[in-house]
Amino acid sequence: MSGYNRTAPAHPALGTTPPRGDRRIPAPSGGPRLREVTPVPVDFIPPAKPIIGDDEREAVDRVLRSGMVAQGPEVAAFEQEFGDHFVNGRASVAVNSGTAGLHLGLLAAGVKAGDEVIVPSFTFAATGNSVALTGATPVFVDIEPETFTLDPAAVEAAITPRTRGILPVHLYGHPARMRELSAIAEKHGVALYEDAAQAHGAALDGQPVGTFGEFAMFSLYPTKNMTSGEGGMVTVATPELARMVKLLRNQGMERQYENEVVGFNARMTDIHAAIGRVQLTKVDAWTQTRRENAAFLDANLQGVVVPPVADGARHVYHQYTVRVLDDRDGFVKALKDEHQVGAGVYYPIPNHRLPSLAPYAPGLDLPVTEVAASQVVSLPVHPSLSSADLDRIVAAVGAVAKAGA
Ligand SMILES: *Cc1c(COP(=O)(O)O)cnc(C)c1O
């Protein structure tokens, strides 16, 4: 080591180590300056950022070293811990994606060709897709303007003799109106399910999402509030449903080569479960930070409509979604190009207008959904934001909103 200079070379122009974003190799000290220094770009604030640390890496390494990587003890432990953590100990079944979880949950609940399942159109396409994949018809209904979740009155108006169930989405991490929807489901003798893909830890009057429906699905995709890499968790109300989801996940087998029903391979690996188990120990702190970030944005943003929260609702801010009343797309572009703030639009095209799902909804008009799809902007709210980032977001939104006014 002697003679080796461990001090970082001085940056030729700034007299410091190269700032982030400047990828040129600095000239050796005293050597010629080869190029002019370009202005240092401001760091881009991404709309989402999965947090994967040494603990996750070590957990994966432990599984890899064991030589047993397919579904096994890590998955079983993850299911138990997830159920205890989020859904008051309800049985939970891990699968290889949230979409598979919805699909298998619906099949296990008996949804089949000829049935109708009421869903919002203002959601990720996986909600309607999973209904369509069972052979049933997704029936798209409108949302409430405040919370972007299913409008109970619209749901009741859409019930027919073929309605098998109602599948609300806790969109952006805000719980849907589960009390009203439960009452409607009970009154009409139909089932209630939950798409909780975005809502780990959300609750209504203290009751966690994932405990209202016959089954609920939580996604574990990297941009969700916690991740296993890819994956999903199905939480279920009864042991019979748990058994059926497990059968469908694994070729219809409980015992090897005694296939009872026609099933899939939707198994989670122990590698993914090991990541999920570590994330489970951190997700509450991340959610707390999301909520604090949201409170800061609520208090400081100007020129946009901040997201209301329903009475009794615990919002976990998978997205912090504002409305921009004028030229939403120009607003998003200016935030990105002029202020390096990554904002997202979830979702620009309602499901009933997608080429894939529109055939289920000929001539349908959902006015509240259409307006929302044209106005929503999700601002960064993830737990990696620094307070300087939050200040920048507020300043950027204010400047862009003012310029557009
Ligand atoms: C992410 C998501 C899904 C699907 O989950 P995957 O894990 O990506 O398959 C379903 N519904 C909603 C509302 C989602 O946000």
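Note that ligands are numbered from 1 as they come in the structure, with each ligand's atoms numbered from 1 the same way.
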(request) Determine the interplanar angle of the Y317 and H315 rings, folded into 0 to 90°, and report it as parallel if under 30°, tilted if 30 to 60°, perpendicular if over 60°. (result) parallel
(message) Give me the residue, atom name and distance of the protein heavy atom closest to atom 12 (C) of ligand 1.
(response) A197 CB, 3.4 Å
(request) Distance to 0.1 Å, residue and atom name: give those for the protein heavy atom nearest to atom 5 (O) of ligand 1. (result) S219 OG, 3.3 Å
(request) Taking atom types as modelled, find out whether T211 and N88 have a side-chain donor-acceptor pair closer than 3.5 angstrom. (result) no
(request) Please step through side-chain hydrogen bond (donor to acceptor under 3.5 Å, both in side chains) for the pair S121 and H352, ending with a clear verdict. (result) CA-CA 6 Å; S121 174; H352 74 287; 2.7 Å; yes
(message) Please tell me whether T160 and E116 have a donor and an acceptor in their side chains that are separated by less than 3.5 angstrom.
(response) yes
(request) Indicate yes or no: at least one non-hydrogen side-chain atom of H318 is less than 4.5 angstrom from one of H170. (result) no
(request) Would you indicate which of H318, K224, H170, Q198 comes nearest to atom 2 (C) of ligand 1 when only heavy atoms are counted? (result) K224
(request) Would you mind checking which non-hydrogen protein atom is closest to atom 11 (N) of ligand 1, with the distance to 0.1 Å? (result) D195 OD2, 2.8 Å
(request) I would like to know whether Q71 and R267 meet side-chain hydrogen bond (donor to acceptor under 3.5 Å, both in side chains); could you show each step before the answer? (result) CA-CA 6 Å; Q71 180 183 296; R267 296 183 300 263; 5.0 Å; no
(message) Does any N or O of ligand 1 fall below 3.5 Å from an N or O anywhere on T99, backbone included?
(response) yes
(request) Heavy-atom contacts with A126 under 4.0 Å: which atoms of ligand 1 show up? List them by number with element. (result) 3 (C), 4 (C), 10 (C)
(message) Under a 3.5 Å cutoff, is there a donor and acceptor pairing between the side chains of N351 and Y360?
(response) no
(request) Below 4.0 angstrom from a heavy atom of V169, which ligand 1 atoms are there? Numbered from 1 as shown, please. (result) 13 (C)
(message) Using 30° and 60° as the class boundaries, would you call the ring planes of F148 and Y172 parallel, tilted or perpendicular?
(response) perpendicular
(message) I'd like to check which ligand 1 atoms, numbered from 1 as shown, lie under 4.0 Å from a non-hydrogen atom of G231.
(response) 7 (O)
(message) Side chain, backbone, both or neither: which applies to E230 and ligand 1 if a contact is any heavy-atom pair less than 4.0 Å apart?
(response) neither
(message) G98 versus ligand 1: do any nitrogen or oxygen atoms come within less than 3.5 Å of each other?
(response) yes
(message) If the cut-off is 4.0 Å to any non-hydrogen atom of S97, which atoms of ligand 1 fall inside it?
(response) 7 (O), 9 (O)
(request) With heavy atoms of M217 as the reference, note each atom of ligand 1 found under 4.0 Å away. (result) 10 (C)
(message) Looking only at side-chain N and O atoms, does Q279 offer a donor or acceptor that is under 3.5 Å from a partner on E56?
(response) yes
(message) Does ligand 1 come near enough to T123 that some N or O of the ligand is less than 3.5 Å from an N or O of the residue?
(response) no
